[in-house]
Structure formats: structure tokens, C-alpha cells
Amino acid sequence: MNRAFYERGVVDVARDLVGCVLRHGDTAGAIVETEAYHETEPACHAFVGLTARTRVLFGPPARAYVYRSYGIHALFNAVCEDEGVGAAVLIRAVEPLEGIELMRQRRGLVRAEDLCSGPGKLAQALGIELDLNGSDLLGGPISIEAPRPGWEAPELLVGPRVGITKAAELPWRFCAAGSRFISRPRPLNPQPGIRPL
DNA sequence: CATGGGATTGACT
DNA sequence: GTCAATCCCATGC
């Protein structure tokens, strides 16, 4: 993907990232679930303004925002929109494509459906840790590529974001319909409808 | 400087 | 279904 891809509205980027290939080292997977976060709504870390934590979110687009969640897991986001605007797409699940044995070692699991079916799981499986926070997605260690040739764009399920208490009504979660690799809870309604910022 | 709250996961009842 | 683990950092005194 190029810089202009990430410079657009974060909800559009979240939708368009479904199907793209997330790669780090010898591991890669097709993105099947994303969520958008924007500084104007309180579920976004950038809502509090520019701090040490949100520095990367407010920086230029096409960078990785990686933070620790619940003291245990690393969560990976792609920074979007213009520099000075805090917005990012959380990658919530990928379908394993390459390096599956390495993913199994890192996760201590066998079933492919369990390797990357959640934001903390996929970061562990792909070996993404906090040291990659702020790294460039164009030419850096993590990259996101256009969907593979022959990859068929699925119907998208749109619904509320997972695990948040504020701005929970916004339908900013996007899932590839029918994928066995998305996280729980499974989205309920295949409803269209994107609320503008 | 002390405190509290998570964009989660896996184990257990 | 419930619940604890555990780190970073924002906030408030």
C-alpha cells in the first residue's frame, strides 16, 4: 500500500484493509477483521490529546501504533489520516498464510483458526512487540500489501467495536463475512451503514 | 509519587 | 457463564 492509502478517512481505510496481507518477518496473514478509531470519539486513545502515549497516533500516517493491553498483549494498529490528526485502524484478526509453523510455536497451539483470531493473538503469532511502535509501514519491518491475486473480496459485516465502553454505538468494526478466522464475538447482523465522522 | 483503568486472553465453574 | 494476570501511562494529589 502507499502513503495516500493511509492518508484517507480512517473508517474508509479500515474497510479497505480487509483482504490486505499483513506481513512481519517470515509470517503473513490476510486481514479479515478491523476496527477504526478516531480522535473525535472517546474510545480512541487520541481522544485525550497529544501525550507520550499518543505521539505516534498524531504523527504521520502509514506508521505502526503498537501498545500494551491489559498488561499482557501487544495490539497492532495502522496510523491513518493527516499528520496532526489522531486516527488508526486496529487489526483484530488475520487468516494465516505464511509461516504457520512459526506461528504455532509462538502461540503454543495447533489449530489455524486459533492462531490469529484476535488482536493480541495475531501480534503474538506474527512476533509484533512494542519495539515496533512508530515503525514505518512503507519499507519498515511490518508491511501491508494489496490482496493476493485470486483473493476474492468477501461481503463485509459491519457492527459495533469490541471491548470498549465509550462510543460503543459506532459501527466501525469490519469483518469478512463467513471467515473462520475472525475473533469472538462473531458479528451478528450483516448491516451496511457507515456513520460519517 | 500513588492510583486506577484498560481496543484481551485463557483457564476454570 | 466468571475471573485473574500484568504493564503502561494518564491523572490527581
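Just so we're clear, the structure is a prediction, and the values are computed from it rather than from any experiment. So that the names make sense, note that chain A is the first sequence line, chain B the second, and so on, each numbered from 1.
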At under 4.0 Å, does any side-chain N or O of [X] touch on OP1 or OP2 of [N]?
X	N	value
A:R92	B:dT8	yes
A:K121	B:dG10	yes
A:R107	B:dG10	yes

Check: How about A:R107 and A:Q124: does a side-chain donor come under 3.5 Å of a side-chain acceptor?
Finding: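 There is such a pair between these side chains.
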| message | Under a 3.5 Å threshold, yes or no: a donor from one side chain and an acceptor from the other, between A:S179 and A:E95? | response |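 No, A:E95 and A:S179 have no side-chain donor paired with an acceptor closer than 3.5 Å.
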Note to self: I want to check something: taking the side chain as every heavy atom from C-beta on, are A:Y6 and A:M1 in contact at a cut-off of under 4.5 Å?
What the structure shows: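 Sidechains of A:M1 and A:Y6: in contact.
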Out of curiosity, [X] [atom1] to [Y] [atom2], how far, rounded to the nearest 0.5 Å?
X	Y	atom1	atom2	value
A:L126	A:C116	CG	SG	5.5 Å
A:L17	A:I144	CG	CD1	5.0 Å
A:E129	A:H24	CD	NE2	10.5 Å

Nearest to the side chain of [X] - [options]?
X	options	result
A:L75	B:dT9, B:dT8, C:dA5	B:dT8
A:P119	B:dA7, C:dA10, B:dT9	B:dT9
A:L90	B:dG6, B:dA7, C:dT6	B:dA7
A:H73	B:dT9, C:dA10, C:dA5	B:dT9
A:V162	C:dA10, C:dA5, B:dT8	B:dT8
A:L130	C:dC9, C:dA5, C:dC8	C:dC8
A:A52	C:dA10, C:dT6, C:dC8	C:dA10
A:Y37	B:dT9, B:dA7, C:dC8	B:dA7

- A:V48 or A:Y70: which one's nearest nucleotide on DNA chain C is closer to the 5' end?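 Its nearest nucleotide lies further toward 5', so the answer is A:Y70.
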Exercise for the section: Let me know, please, whether A:T51 or A:S69 comes out on the 5' side of the other along DNA chain C by nearest nucleotide. Expected result: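 Comparing both residues, the 5'-ward one is A:S69.
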Grab the [atom1]-[atom2] distance between [X] and [N] for me, whole Å please.
X	N	atom1	atom2	answer
A:D131	C:dC8	CG	C1'	15 Å
A:F58	C:dA10	CZ	C1'	14 Å
A:R106	B:dG10	CZ	P	16 Å
A:H45	C:dT11	NE2	P	12 Å
A:I72	B:dG5	CD1	P	17 Å
A:N77	B:dT8	CG	P	11 Å
A:R68	B:dG4	CZ	C1'	18 Å
A:R184	B:dA11	CZ	C1'	12 Å

(message) Applying a 4.0 Å non-hydrogen cut-off, can you work out what A:R53 is touching in the nucleic acid: base, sugar-phosphate, or nothing?
(response)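 Sugar-phosphate, no base atom in range.
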*How would you label the contact of A:I164 with the nucleic acid (heavy atoms, under 4.0 Å): base, sugar-phosphate, or nothing?*
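Sugar-phosphate: the residue A:I164, judged by heavy atoms under 4.0 Å, touches backbone atoms but no base.
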* Is it true that A:R148 and A:E98 have a side-chain N and a carboxylate O under 4.0 angstrom from each other? ->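 Looking at A:R148 and A:E98, the cut-off is met.
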| Is there a path of hydrophobic side-chain contacts, each under 4.5 Å between heavy atoms of I, L, V, M, F, W or Y residues, that connects A:L122 with A:I100? |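 Result: yes, single cluster for both.
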Problem set entry | Involving DNA chain C, stems made of at least three consecutive Watson-Crick or G-U pairs, both distances under 3.5 Å |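 Detected stem regions: B:1-6 with C:7-12, B:8-12 with C:1-5.
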Quiz prompt | Charged tip of A:R8 within 45° of A:F5 ring normal and under 6.0 Å | solution =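 That pair qualifies as a cation-pi contact.
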Pick the nucleotide of DNA chain B nearest each of A:Y65 and A:Q124; which residue has the one closer to the 5' end?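 With A:Y65 and A:Q124 compared, the 5'-side residue is A:Y65.
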